[in-house]
Student: 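Here you go, one structure.
For the numbers below, each heavy atom of this structure counts, side chains included, while hydrogens, waters and symmetry mates do not.
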Amino acid sequence: MNKINFLIPLLILCLLSCQKRDDHTERIEDIEFSYISGLRIPYNTVTINITRNNKDSSNVFIQIRPLFDTQKWGYSKIDEIVKIDNLTFEKIIEKIKLLDHINMDKAHKIGNDGSTWKIEYGAKGKNKSYKFWSPTFQTKKRGLDNFVQLSEQILDISKLKKILLISKIFSRTNSADLQSIVHEIFKVG
């Protein structure tokens, strides 16, 4: 009887320690937003990578490409790096957690024109992603409010809204002048 009293708790302890623990907190060190336009020539492909550096800051890598790699569209070929504080990074992570509530059947649409937006996040190759065709089309009906808001938040920290506004204002400007204006945006903030 003494052996059984000793073996049963030992067996329970062994079984509990062998059980795989399910950690529901995802580790997020890298976030990537990408936008690909169906027909837009300037700013056709936008990729924004946000990577946590250390406890104090994160890097935002911005790469933008036109549909055609010619001098005419050169102003929309951009490679920049911006630093953000980790508080901003954490705010993005909080918004990312809301993506798990998207009803994929409701959100999924296919179209012939428009754009494709993708948000991918994770750490060390263990990533999760959400990709939607033209999420600004019927956003509320498709339940993509949080996805669009998160995308806009990423665009805000990358300063792309300023670039796109300036490119519209100066669309008839010499592309070399426009390129220097875009680079100044990143320096001044």
Side-chain angles (χ1 to χ4, degrees), residues 23-40 42-53 55-66 76 78-169 182 185-186 188-189:
D23 188 8
H24 292 289
T25 58
E26 297 175 77
R27 183 173 170 90
I28 300 175
E29 296 293 325
D30 303 298
I31 302 165
E32 179 177 284
F33 167 79
S34 64
Y35 164 94
I36 300 171
S37 175
L39 298 175
R40 184 181 201 137
Y43 310 105
N44 179 268
T45 304
V46 175
T47 305
I48 301 168
N49 287 297
I50 307 169
T51 304
R52 190 187 309 254
N53 269 351
K55 293 179 183 175
D56 299 329
S57 68
S58 297
N59 284 332
V60 181
F61 301 94
I62 303 153
Q63 184 179 62
I64 305 169
R65 296 290 180 262
S76 70
I78 299 167
D79 292 291
E80 293 290 340
I81 299 175
V82 177
K83 282 198 181 288
I84 59 169
D85 59 64
N86 277 339
L87 180 62
T88 304
F89 188 85
E90 292 298 327
K91 288 179 183 177
I92 293 170
I93 290 174
E94 288 305 311
K95 199 74 166 172
I96 281 175
K97 292 175 183 176
L98 299 174
L99 296 181
D100 285 336
H101 302 291
I102 294 174
N103 179 336
M104 297 306 282
D105 293 328
K106 194 173 153 185
H108 181 72
K109 294 273 185 220
I110 298 175
N112 295 326
D113 188 10
S115 58
T116 303
W117 300 20
K118 178 180 172 185
I119 295 176
E120 184 173 345
Y121 58 92
K124 298 181 181 175
K126 295 179 181 178
N127 295 342
K128 189 172 189 177
S129 68
Y130 291 87
K131 183 177 175 180
F132 300 103
W133 171 81
S134 294
T136 55
F137 172 72
Q138 297 180 336
T139 304
K140 285 207 182 296
K141 183 177 177 184
R142 294 167 65 189
L144 293 176
D145 299 59
N146 288 322
F147 181 84
V148 170
Q149 288 170 10
L150 175 58
S151 300
E152 289 173 350
Q153 186 177 358
I154 292 170
L155 288 169
D156 284 344
I157 65 163
S158 69
K159 303 177 185 179
L160 279 182
K161 287 188 177 184
K162 289 181 185 178
I163 292 170
L164 296 176
L165 176 64
I166 286 175
S167 73
K168 287 179 183 175
I169 293 169
V182 166
I185 290 171
F186 286 103
V188 177

Student: Is there side-chain contact between Phe33 and Leu150, with heavy atoms separated by less than 4.5 Å?
Tutor: no

Student: Measuring from atom CD1 of Ile28 to atom CD of Glu94, what distance do you get when rounded to the nearest 0.5 angstrom?
Tutor: 9.0 Å

Student: Sequence neighbours left out, what passes salt bridge (Lys or Arg N to Asp or Glu O under 4.0 Å) with Asp30? Give chain and number order.
Tutor: none

Student: Mind checking what makes ring-ring contact (aromatic ring centres under 6.0 Å, His included) contact with Tyr121, not counting sequence neighbours?
Tutor: none

Student: Sequence neighbours left out, what passes side chain to side chain donor-acceptor pair (under 3.5 Å) with Trp117? Give chain and number order.
Tutor: Ser115

Student: Between Tyr130 and Phe132, how do the two ring planes meet: parallel, tilted or perpendicular, split at 30° and 60°?
Tutor: parallel

Student: Side chains of Thr51 and Glu29, heavy atoms from C-beta outward: is any pair under 4.5 Å?
Tutor: no

Student: As an exercise, state the distance from CD1 of Ile50 to CD of Glu32, rounded to the nearest 0.5 Å.
Tutor: 10.0 Å

Student: Tell me the closest heavy-atom pair linking Leu155 and Ser158, and the distance in Å.
Tutor: O-OG, 2.9 Å

Student: Tell me whether Asp79 contacts the main-chain N or O of Gln63 through its side chain, where contact means a donor paired with an acceptor under 3.5 Å.
Tutor: no

Student: Could you check Ile110 against Trp133 for side chain to side chain contact (heavy atoms under 4.5 Å, CB included), going step by step and ending with a plain yes or no?
Tutor: CA-CA 6 Å; Ile110 298 175; Trp133 171 81; 5.9 Å; no

Student: What residue pairs, at least two apart or across chains, pass side-chain hydrogen bond (donor to acceptor under 3.5 Å, both in side chains) with a residue in residues 104-114?
Tutor: none

Student: Kindly compute the distance separating CZ (Arg142) from CE (Met104), expressed to the nearest 0.5 Å.
Tutor: 10.0 Å

Student: Using the test side-chain contact (heavy atoms from CB on, under 4.5 Å), find all partners of Pro42 that sit at least two apart in sequence or belong to another chain.
Tutor: Arg40, Trp73, Tyr75, Ser76

Student: Run the side-chain contact (heavy atoms from CB on, under 4.5 Å) test against Leu87 and tell me which residues pass, sequence neighbours left out.
Tutor: Asp85, Lys91

Student: So, taking the atom named NZ in Lys124 and the one named CZ in Arg27, what distance separates them when rounded to the nearest 0.5 Å?
Tutor: 5.5 Å

Student: Not counting sequence neighbours, which residues clear salt bridge (Lys or Arg N to Asp or Glu O under 4.0 Å) with Lys83? List them please.
Tutor: none

Student: Tell me every residue that passes salt bridge (Lys or Arg N to Asp or Glu O under 4.0 Å) with Lys131, counting only those two or more places apart in sequence or in another chain.
Tutor: none

Student: Stepwise, does the side chain to side chain donor-acceptor pair (under 3.5 Å) test hold for Ser58 with Asn86?
Tutor: CA-CA 6 Å; Ser58 297; Asn86 277 339; 2.5 Å; yes

Student: Using salt bridge (Lys or Arg N to Asp or Glu O under 4.0 Å) as the criterion, list what pairs up with Lys141, not counting sequence neighbours.
Tutor: none

Student: Looking only at heavy atoms, which two atoms of Pro135 and Val148 are closest? And how far apart?
Tutor: O-CG2, 3.7 Å

Student: When rounded to the nearest 0.5 angstrom, what is the spacing between CD1 in Ile154 and CD1 in Ile62?
Tutor: 11.5 Å

Student: Side chains of Ile31 and Ile48, heavy atoms from C-beta outward: is any pair under 4.5 Å?
Tutor: no

Student: Run through Ile96, Ile119, Thr136 and flag the one making a side chain to side chain contact (heavy atoms under 4.5 Å, CB included) with Phe147.
Tutor: Ile119

Student: Can you tell if the side chain of Ile102 reaches within under 4.5 Å of the side chain of Asn146, non-hydrogen atoms only?
Tutor: no

Student: For Lys128, enumerate each residue passing the side chain to side chain donor-acceptor pair (under 3.5 Å) test, keeping only those at least two apart in sequence or located in another chain.
Tutor: Asp100

Student: Residues in side chain to side chain donor-acceptor pair (under 3.5 Å) with Asn103, at least two apart?
Tutor: none

Student: Do you know which two heavy atoms are closest between Ala107 and Leu144, and how far apart they sit?
Tutor: CB-CD2, 3.7 Å

Student: Taking only residues two or more places apart in sequence or in another chain, which ones pass ring-ring contact (aromatic ring centres under 6.0 Å, His included) with Phe61?
Tutor: none

